[in-house]
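The structure appears below as structure tokens.
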2 protein chains.
Amino acid sequence: MRSPSELTTVFRSQGMKLTPQRQLLFRLLHGNITHPSADALYLLASAHMPGISLRTVYQTLNDLASMGELQQLALGTGSARFDPNIGAHHHTICQRCGEVRDVYLTGDMPAYVQDLAGFVVDSAAVVLHGTCAQCRAGESTAKSDNRRNNVVYNKENST
Amino acid sequence: MRSPSELTTVFRSQGMKLTPQRQLLFRLLHGNITHPSADALYLLASAHMPGISLRTVYQTLNDLASMGELQQLALGTGSARFDPNIGAHHHTICQRCGEVRDVYLTGDMPAYVQDLAGFVVDSAAVVLHGTCAQCRAGESTAKSDNRRNNVVYNKENST
DNA sequence: ACGCTCATCTGCAACTCATGCGAACAACCA
DNA sequence: TGGTTGTTCGCATGAGTTGCAGATGAGCGT
Ligand SMILES: [Mn+2]
Ligand SMILES: [Mn+2]
Ligand SMILES: [Zn+2]
Ligand SMILES: [Zn+2]
């Protein structure tokens, strides 16, 4: 995803308005490596702008995704995850706490044993399911519903 | 997934009952390569046993999945897909019609550029997003909601 | 600065997919 | 055949997401 100031230019050039809600979400998403869900981002945004609506968060996430500024990940955790890192990379997901982290693989996909019967591949997604170090260390810190905890406001984006 | 007769033995040995609903679903799933959703399987089952409930289909799919007889795929198409093929393999998914097909890859995953920071991998899933041959051929045959059509009762399992 | 206009925001209803629940049912065994 | 108990079914509920329409306000021309 491009920087908030670059997005400012892009949005203006498309006749779109620069609302405080959008500006906040731009800042919260830029450089965010937590792969937040819409709800997680909503909680985070609410701390900075009480009253912002979940609907607006969804709206903005969808806008950014359809503009190609965000990648939408469907990892089967119940809710979609959004990723401002739109470069080629893959993910690990902890089956216990839901944390998603980036993984960069060497080389390309292996060759196919069978031909794909005319199927044309647009993109390949590799998802490594497993358990993160923190969850393996202690059960006490890893509750079943701490999926929201993995959204940590990274200092770089702080006001 | 094991054969219906094998599952009969397994279920009985676990104190579970062999209802007609379960027997039908065993037959409809065995060798089924369409990766049906619960709803798609429900529609198929309803043709053979009018009155069977969607709830029972979900129940049986979950039972089989937790017994390790089925693989549950979260491909982000809106609903979970169930796969009686529990061997190591991967999938293509057509972004237009939702068709899911098996893909077998040569060799193992590429080595990781970065270490996984203590993350222990249980399984790796590769999903190739793209467009199937049929959808590329003609728009006319590929409506947006023909996701249900991809469940074809394969002759081998016919009564 | 002011007012106009139209994109946006917000709250709520609706929708899809999946599960919880309890009464009716029926497979299995004695 | 009758009783026990797992199963089925219908409906309510829940999570996640989108549709909708009135209120709001950003951007622009004056
Ligand atoms: Mn990522
Ligand atoms: Mn498969
Ligand atoms: Zn974890
Ligand atoms: Zn297709």
Side-chain angles (χ1 to χ4, degrees), chain A residues 7-26 35-43 45-46 48-67 70 72-82 98 144-148 151, chain B residues 4 7-26 35-43 45-46 48-67 70 72-82 98 144-145 147-148 151:
Chain A
L7 289 177
T8 295
T9 306
V10 174
F11 268 59
R12 280 244 172 77
S13 73
Q14 311 224 338
M16 303 176 79
K17 295 178 178 175
L18 267 187
T19 65
Q21 290 88 346
R22 278 177 178 165
Q23 295 179 50
L24 171 63
L25 293 173
F26 291 171
H35 305 85
S37 64
D39 190 63
L41 184 62
Y42 166 65
L43 290 180
S46 295
H48 293 256
M49 181 186 286
I52 190 173
S53 81
L54 176 59
R55 191 65 185 84
T56 296
V57 174
Y58 271 107
Q59 183 73 41
T60 303
L61 285 171
N62 287 338
D63 289 345
L64 288 170
S66 62
M67 293 168 71
L70 284 183
Q72 183 167 353
L73 307 177
L75 299 171
T77 58
S79 55
R81 300 291 201 101
F82 294 86
S144 65
D145 60 340
N146 64 350
R147 214 165 275 165
R148 279 179 179 168
V151 174
Chain B
L7 288 177
T8 295
T9 306
V10 174
F11 268 60
R12 280 245 172 76
S13 73
Q14 309 224 339
M16 302 175 79
K17 296 177 177 175
L18 267 188
T19 65
Q21 290 88 346
R22 277 176 178 165
Q23 294 178 51
L24 172 62
L25 293 173
F26 291 171
H35 306 84
S37 65
D39 190 63
L41 183 62
Y42 167 66
L43 291 179
S46 296
H48 293 257
M49 180 185 289
I52 191 174
S53 79
L54 176 59
R55 191 67 185 82
T56 297
V57 174
Y58 271 108
Q59 184 73 43
T60 303
L61 286 171
N62 287 338
D63 288 345
L64 288 170
S66 61
M67 293 166 71
L70 284 183
Q72 183 168 354
L73 307 177
L75 299 171
T77 58
S79 55
R81 302 292 201 99
F82 294 86
S144 65
D145 61 340
R147 214 164 274 166
R148 280 180 180 167
V151 174

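To find a chain, count down the sequence lines: A is the first, B the second, and so on, and within it residues start at 1.
- Following rounding to the nearest Å, B:R12 (CZ) and D:dT5 (C1') show an atom-to-atom distance of 15 Å.
- Listed by residue number, A:K17, A:L18, A:P20 are the residues of residues 15-22 of chain A with a heavy-atom contact under 4.0 Å to DNA chain D.
- Rounded to whole Å, the distance from CZ on B:F11 to C1' on D:dG6 is 12 Å.
- At least one donor-acceptor pair under 3.5 Å links the side chain of A:S66 to the backbone N or O of A:D63.
- Without hydrogens or angle criteria, A:R22 side chain to A:K17 main chain gives a donor-acceptor distance under 3.5 Å.
- Going from atom OH of A:Y42 over to atom P of D:dA15 covers 15 Å, rounded to whole Å.
- The phosphate of C:dT19 has neither OP1 nor OP2 within less than 4.0 Å of any side-chain N or O from B:Y58.
- Taking side-chain N and O atoms only, B:R55 has no distance below 4.0 Å to OP1 or OP2 of D:dC11.
- Every residue two or more places apart in sequence or in another chain was checked for a ring pair (Phe, Tyr, Trp, His ring centres under 6.0 Å) with A:Y58, and none qualifies.
- For the pair B:L25 CG and D:dC9 P, the interatomic distance rounds to 10 Å; values are reported in whole Å.
- Here B:Y42 pairs with nothing under the ring pair (Phe, Tyr, Trp, His ring centres under 6.0 Å) rule; sequence neighbours left out.
- The ring pair (Phe, Tyr, Trp, His ring centres under 6.0 Å) search around A:F82 returns none, not counting sequence neighbours.
- Residue B:N62 has its side chain nearest to C:dT19 when only D:dT17, C:dT19, C:dC17 are considered.
- If you measure from atom CG of B:L54 to atom P of D:dA12, you get 16 Å, rounded to the nearest angstrom.
- Summary of helix geometry: the two end axes of the helix from C:dA1-D:dT30 to C:dA30-D:dT1, each defined by five base pairs via their C1' atoms, are inclined to each other by 20° (rounded to 10°).
- Every side-chain contact (heavy atoms from CB on, under 4.5 Å) that A:M67 has, sequence neighbours left out, goes to A:V10, A:F11, A:E69.
- Atom CD1 of B:I52 is separated from atom P of D:dT8 by 8 Å (rounded to the nearest Å).
- With rounding to whole Å, B:Q59 atom CD is found 9 Å from C:dT19 atom P.
- Taking 4.5 Å as the limit, every side-chain heavy atom of B:Q59 sits out of range of all side-chain heavy atoms of B:Q21.
- For the side-chain hydrogen bond (donor to acceptor under 3.5 Å, both in side chains) test, residues two or more places apart in sequence or in another chain that qualify with A:S53 are A:T56.
- Under the 4.5 Å side-chain criterion, counting only non-hydrogen atoms from C-beta, B:L7 is in contact with B:L64.
- The CG atom of B:L41 sits 15 Å away from the C1' atom of C:dC17 (whole-angstrom rounding).
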